[in-house]
Amino acid sequence: MESFSSPMSDLKTMRHSAAHILAQAVVGLFPEARLGIGPATEDGFYYDFELPRPLSEDDLPQIEERMREIVSWNLPFVPEEVGKEKVKEMFDRQPYKQEIISELQGDRVTVYHQGDFYDLCRGPHLSRTSEIGPFKLLRTSGAYWRGDEKEPMLQRIYGTCFESQERLDLYLQNLAEAERRDHRRLGKELDLFSVHEGLVLWHPKGAIIRSLIEDFWRQEHLKRGYQLVYTPHILNQEVFQKSGHLAMYQEFLYPPMSLEGKEYRVKPMNCPGHIMIYQSRLRSYRDLPLRLAELGTVYRYERSGTLHGLLRVRGFTQDDAHIFCSPDQVESEISEAVKLCQFMLGSFGFEEYEFILSTRPEKYAGTLEMWGRAESQLQGALTNLGLSAALEEGGGVFYGPKVDIKLYDSLGRGWQGPTIQLDFNLPQRFEVGYIGPDGGEHQVVMIHRAVLGSMERFIACLTEHYGGAFPVWLSPTQAVIIPIADRHISYARGVEEEFKGRGVRVEVDARSERMNLKVREAILQRIPYILVVGDKEERAGTVSLRLRSGEDLGSKTLPELWQIIQPELKPCS
RNA sequence: GCCCGAGUGGCGCAAUGGUAGCGCAACCGAUUUGUAAUCGGUAGGGUGGGGGUUCGAAUCCCCCCUUGGGCUCCA
């Protein structure tokens, strides 16, 4: 049961009550409406309905109006304990409610009503409708009954409600701000990439960001004993039959290509290729742990409705690695991988994130014993690092337990990013082994891990995280020199050469436009350093420095400028 | 995939039955400028694709494609 005292649960209660008022309003407008459920959510509430006609956003003001009316009636929310049979009668025209009632334990059920509107509800609620805070209906959408696509599609109305108008306005402002930070919008404005049916085209400015991240990634992996590999984009499909991917993920695979009686598939995973490299010769325990890393591009046919900018795509590059090790190396390898995740995220300015430990699902490969051991190894590695993880019981993949980190987009939606997964399935299917000190053959343990997730998803989150103002070392253009008049261009070129020679991505904006326009555009492009040069600067051998934040740092000599820029050129770690 | 919404020049938008227009960008010209949009001119689309209704279709109907929100948060 929820506590009544904390402000958070007060807000939840209020939103839940708001959902009931929404339902009452909708039933008022559509007496034949069938009700689904209407809970409070993290930042608002919704209610699902089956209605005689589709709703559109244009219906929302009318429904809101009706809600206000109900609020003004100041009806009490009244709970009632009713016998199950009686409740079934009360809701005899509500098939979805019937379904819920028949699944409830016990023979008495709580029903709430405000005015003549009755709803099945555990509560709690506000005491009267007038206590509800300022609210707003936000959007409509479809939602399967019980989230199951075999069930009918209902119409969902989302809204939110706060204790004060200021909080509501702030929330709506945040929504607007999130829209400005949306990576799809920034991707266009900053000319970073475009996406066509889930396939990404990286434009020059996005490509340089990506390649800088990849360079950094490679260096950090080499430092940590990983070996870089490349594997082909297509393989004979026998490999995917053997790995089980073909059977398991059939619907996500692109169809086969046939040539000379052979069938090839575009790879949906990098693991089989890495296993082939491992198995290219006999391995000894002395070779372990063997860490093979690849920025491996994979293709999966995601359902059209789930595609979303760079966050869910059909072709993406995993920052993948497979660690082949002996059972006693597992814990330390996991631990190192977790540390690498932390290091990587920290290097890109992500400070707050949560680990999620997912355990054995209902359908699983391997033995109970393997799972038990692996889960405790994952947990152990986290504990030794002083980290806690949220537990997701049964959330593991069929082939092994995993630890994930979610990255959040500007709207607060979480997306799986870094992940460390144990795999019991592939070593068995491919008989991946090594010769132990005893001269016998032993099965290897495989750890599959990605410390960023995928380049696409990671860069999407990075873009939203910084609102397009990437750190200097990742900025496509790091400095722009703006000559005030044409006669300053040659001085500007000299400054450009000087800093280009020092590895700065700098350019001169020599267009025949006014300085004001160039400054404006430089700021909109989030260029970190804006260097204005005119007569004064040329005489003194300086530049006038302005930052994308709008801050004006005044006149700087070139050595002074270098002192400012140089420390920003490398990732701070 | 499913529900609802949207697709109009490179981008952002207008025109809801009378034959497509605005801003930015592009191009040409003028201007040489002191920290978030200089001025003028030129060109560019037949409205995502296909079919239909109509004297006449961005506008209405049907099919398809693309795209946005959602389909997890358990009375």
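Every chain is numbered from 1 and lettered A, B, ... according to where its sequence line falls, protein lines coming before strand lines.
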Chemist: Would you state whether a donor and an acceptor, one from the side chain of A:S304 and one from the base of B:U66, lie under 3.5 Å apart?
Modeler: no
Chemist: Quick check on B:U72: is either OP1 or OP2 less than 4.0 Å from any side-chain nitrogen or oxygen of A:R413?
Modeler: no
Chemist: So, is A:R511 close to the B:U38 phosphate, meaning a side-chain N or O under 4.0 Å from OP1 or OP2?
Modeler: no
Chemist: Does B:G68 have OP1 or OP2 sitting under 4.0 Å from an N or O in the side chain of A:R184?
Modeler: yes
Chemist: Does any N or O in the side chain of A:R139 come within less than 3.5 Å of the main-chain N or O of A:E57, such that one atom is a donor and the other an acceptor?
Modeler: no
Chemist: So, OP1 or OP2 of B:C74: does either fall under 4.0 Å of a side-chain N or O from A:Y46?
Modeler: no
Chemist: Under a 3.5 Å limit for both distances, which nucleotide forms a Watson-Crick or G-U wobble pair with B:U38, could you say?
Modeler: B:A30
Chemist: Just to confirm, is there a sub-4.0 Å distance from OP1 or OP2 of B:G69 to any side-chain nitrogen or oxygen of A:H308?
Modeler: yes
Chemist: Under a 3.5 Å cut-off for both distances, is B:G45 Watson-Crick or wobble paired, and to whom?
Modeler: none
Chemist: State the pairing partner of B:C55; accept Watson-Crick or G-U wobble contacts with both distances under 3.5 Å, and report none otherwise.
Modeler: B:G18
Chemist: Would you call A:E392 and A:K406 a salt bridge, using N to O less than 4.0 angstrom?
Modeler: no
Chemist: Whole angstrom is fine here: how far is it from CG in A:L199 over to C1' in B:U67?
Modeler: 15 Å
Chemist: Taking N or O atoms only and anything under 3.5 Å, show me the protein contacts with nucleotides 3-13 of chain B, one pair per line.
Modeler:
{"unit_1": "B:C3", "atom_1": "O2", "unit_2": "A:G142", "atom_2": "N", "d": "3.1"}
{"unit_1": "B:C4", "atom_1": "O2'", "unit_2": "A:L55", "atom_2": "O", "d": "3.4"}
{"unit_1": "B:G12", "atom_1": "OP1", "unit_2": "A:K188", "atom_2": "NZ", "d": "3.3"}

Chemist: Heavy atoms only, 4.0 Å cut-off, all strands: where does A:E537 land among base, sugar-phosphate and nothing?
Modeler: base
Chemist: Does B:C73 pair with anything, Watson-Crick or G-U wobble, both distances under 3.5 Å, and if so, with which nucleotide?
Modeler: none
Chemist: Please determine whether side chain to side chain contact (heavy atoms under 4.5 Å, CB included) holds for the pair A:I21 and A:F117, giving the CA-CA distance in whole Å, both sets of side-chain angles, and the decisive distance to 0.1 Å.
Modeler: CA-CA 9 Å; A:I21 295 173; A:F117 176 78; over 6 Å; no
Chemist: Using a 4.0 Å heavy-atom cut-off, does A:I523 contact any base of the nucleic acid, only the sugar-phosphate backbone, or nothing at all?
Modeler: base
Chemist: In the structure shown, which nucleotide is the Watson-Crick or G-U wobble counterpart of B:G9, with both distances under 3.5 Å?
Modeler: none
